[in-house]
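Bear in mind that the values here come from a model prediction, so they are computed numbers and not experimental data.
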Amino acid sequence: MSSLDARAATPAAADAAPLVPCSLCGGTRYHLVHDMGWRQILRCTTCGLTRADPLPSLADKLAIETQGYTDEHAFPEVADFFKNCHRNYVEDPVIRTMRRHLADLEATLAGPGALLDVGAGTGVFMHLARERGWRPSGVDICPLTAEKAAREFGVQIAVGPFEEHHFDGAQFDAATLLDVLEHVRDPLATLRRVHGLLRPGGAVYIAVPNQRCLLTALVDAYARAGGPGAQQLLLRLYVAPHLHYFTPSTIRRLVAAAGFRIRSLRQGSVYLGRYRMSLTMRIPLEIVLAAGAAVGMNARLGVLAVRQ
């Protein structure tokens with residue numbers, strides 16, 4: 001059965017669909033989590049890694065990522081989130097979290113060094129790193145963010161897919177992928193490429209949404225029950241730029257398969273202060289996120305690992 005056939009299949013039929021091999025284990029048997037019409041959300045029955053189907057081409061991926069910065073109606077959460085990414089940024093929890101990532105890398109490496117920021121976005125993280133003595137380099141698929149980074153922070157970001165950008169061997173002491181790995185077509189290949197660009201003993205910090213969070217579990221259950229407005233909730237949870245969805249188990253396996261030794265895996269919260277939303281939406285979200293944190297089903301995962 002083809003991917004197209006699988007998108008019209010029942011969950012039982014999708015389980016047997018020989019689709020694009022899973023990035024983590026190479027398996028081709030999937031369970032249908034959600035059929036959103038324009039794409040499906042599938043979970044590998046072998047390793048549990050969840051992904052979107054079909055996966056976009058690199059050209060389509062560029063269009064999707066660019067739309068996130070240019071069409072506020074399509075991705076209002078992106079427009080809101082990046083509003084504080086400018087030279088006069090406010091020291092909010094997002095900025096403080098970035099500083100903690102840098103501090104963790106410095107503690108692992110006994111100080112700053114050459115840093116590669118994959119998916120560098122607006123350049124604010126590179127700016128924070130440079131302030132602490134790092135020598136940052138960045139790459140991002142979207143030219144609009146590179147232009148903003150140069151204008152606001154005076155940092156240069158190489159524009160283009162990370163998969164296609166040329167680097168001269170293992171030249172970096174550290175690499176960061178902050179809210180990036182869920183965007184890529186092949187997360188294992190991406191991490192293996194990062195591994196090859198790090199010097200022996202180099203460190204990587206990865207931050208991704210946690211698929212095993214309470215909010216996702218509740219929305220998934222509500223959608224499966226066919227509740228009113230379920231499709232709109234799924235569109236906000238499974239946004240078009242996100243292609244893979246990780247749990248603590250699958251991110252551990254992925255990082256290890258890429259050749260890294262994990263130093264720490266922590267759960268973290270989502271800061272809602274950058275998002276426009278009514279109190280009727282914000283208060284329930286805050287309650288659910290807090291409850292998830294209390295039961296070990298927080299919304300974010302952070303992984304610090306070292307090249308073996």
Taking atom CZ of R51 and atom CD of Q40, what is their separation to the nearest 0.5 Å? 9.5 Å
Would you compute the distance between atom CZ of R263 and atom OG1 of T108 and round it to the nearest 0.5 angstrom? 4.5 Å
Check the orientation of H244 and F246. Use parallel for under 30°, tilted for 30 to 60°, and perpendicular for over 60°. parallel
Does E131 form a side-chain contact (heavy atoms from CB on, under 4.5 Å) with R99? I'd like the steps, not just the answer. CA-CA 10 Å; E131 283 189 327; R99 295 191 192 279; 3.9 Å; yes
Side-chain heavy atoms nearer than 4.5 Å, only ILVMFWY residues, links allowed to pass through others: does that put I141 and I206 together? no
Pairwise distance CD(E65) to CG(L144) - rounded to 0.5 angstrom: 11.5 Å
Same cluster or not: are L178 and F172 linked, directly or through other Ile, Leu, Val, Met, Phe, Trp or Tyr residues, by side-chain heavy atoms under 4.5 angstrom apart? no
If you define the side chain from C-beta out and look only at heavy atoms, does anything of L181 sit under 4.5 Å from I251? yes
For the residue pair V270 and L215, establish whether any side-chain heavy-atom pair is separated by less than 4.5 Å. no
Are any of the side-chain heavy atoms of V90 and I95 separated by less than 4.5 Å? no
Tell me whether Y222 contacts the main-chain N or O of P228 through its side chain, where contact means a donor paired with an acceptor under 3.5 Å. yes
Show your working on side chain to side chain donor-acceptor pair (under 3.5 Å) between T97 and R100 and close with a plain yes or no. CA-CA 5 Å; T97 297; R100 285 197 295 272; 2.9 Å; yes
Test item: Y238 and R39 side chains (from C-beta on) under 4.5 Å apart, heavy atoms: yes
Decide yes or no on side chain to side chain donor-acceptor pair (under 3.5 Å) for S278 and T280, but give the supporting numbers first. CA-CA 5 Å; S278 66; T280 56; 2.8 Å; yes
Tightest non-hydrogen contact, residues D53 and L42, listed as CB-CD1, 3.6 Å
Between R236 and V219, is a side-chain contact (heavy atoms from CB on, under 4.5 Å) present by the stated rule, with each step listed? CA-CA 10 Å; R236 296 299 297 269; V219 172; over 6 Å; no
Can you tell me which residue pairs pass the salt bridge (charged side-chain N to carboxylate O under 4.0 Å, His left out) test with a partner in residues 147-156, sequence neighbours excluded? R87-E152
Applying side-chain hydrogen bond (donor to acceptor under 3.5 Å, both in side chains) between T145 and each of D140, T66, T122, report the one that passes. D140
How close do L109 and G201 get, heavy atom to heavy atom, and via which atoms? CD2-O, 3.6 Å
Whether over 12 other heavy atoms sit under 6.0 Å from R266 CZ: no
Rounded to the nearest 0.5 Å, what separates atom NE2 in H165 from atom OG in S137? 8.5 Å
From C213 atom SG to L237 atom CG, the distance as rounded to the nearest 0.5 Å: 7.0 Å
Do I64 and L58 belong to the same hydrophobic cluster, where Ile, Leu, Val, Met, Phe, Trp and Tyr are linked whenever their side-chain heavy atoms lie under 4.5 Å apart, directly or via other members? no
May I ask you to test the W134-D117 pair for a side-chain heavy-atom distance under 4.5 Å? no
How about Q211 and E182: do any of their side-chain heavy atoms sit closer than 4.5 Å? no
Y245 side chain to P209 main-chain N or O, any donor-acceptor pair under 3.5 Å? no
Can a donor-acceptor pair be found, under 3.5 Å and without considering hydrogens, that links the side chain of D220 to the backbone of A223? no
Is a donor on one side and an acceptor on the other found under 3.5 Å between the side chain of T45 and the backbone of H31? no
Look at the aromatic rings of F125 and H101 and report parallel, tilted or perpendicular, splitting at 30° and 60°. tilted
Do L188 and Y205 sit in the same hydrophobic cluster, where Ile, Leu, Val, Met, Phe, Trp and Tyr count as joined when their side-chain heavy atoms come under 4.5 Å apart? no
Donor-acceptor pairs are to be reported for all side-chain atoms of residues 281-299 against protein atoms at under 3.5 Å, with residues two or more places apart or in another chain.
unit_1, atom_1, unit_2, atom_2, d
R282, NH1, L272, O, 2.9
R282, NH2, Y275, O, 2.7

Could you tell me if the side chain of R253 sits less than 4.5 Å from the side chain of C47, heavy atoms only? yes
Do L55 and D186 pass the side-chain contact (heavy atoms from CB on, under 4.5 Å) test, and can you show the C-alpha distance, the side-chain angles, and the key distance before you say yes or no? CA-CA 10 Å; L55 295 173; D186 189 337; over 6 Å; no
Looking at every heavy atom in both T190 and F162, which two are closest together, and how far apart are they? O-CE2, 3.8 Å
Can you list, pair by pair, the side-chain donor-acceptor contacts under 3.5 Å of residues 301-308, counting residues two or more places apart and other chains?
unit_1, atom_1, unit_2, atom_2, d
R307, NH1, H195, O, 3.2
R307, NH1, L198, O, 2.3

Would a 4.5 Å heavy-atom cut-off, applied to side chains only, mark H242 and H183 as touching? yes
Which atom of M126 lies closest to which atom of P136, heavy atoms considered: O-CG, 3.6 Å
Contact summary for C142 and V159, nearest pair of heavy atoms: C-CG1, 4.4 Å
Closer than 3.5 angstrom, by distance alone: can the side chain of R130 be matched with the main-chain N or O of F153 as a donor-acceptor pair? yes
Return yes if some donor-acceptor pair links the side-chain N/O of T216 with the main-chain N/O of R212 below 3.5 Å, else return no. no
Could you tell me whether the side chain of D173 and the main chain of A114 form a donor-acceptor pair under 3.5 Å? yes
I need the S57 OG to R185 CZ distance, nearest 0.5 Å. 7.0 Å
Working for side-chain contact (heavy atoms from CB on, under 4.5 Å), residues L234 and I41: CA-CA 10 Å; L234 290 178; I41 305 300; over 6 Å; no
Any link between L24 and Y30 through a network of hydrophobic side chains (Ile, Leu, Val, Met, Phe, Trp, Tyr) touching at under 4.5 Å? no
Testing the basics here: between R199 and Q171, what is the closest heavy-atom pair and its distance to 0.1 Å? NH2-O, 2.8 Å
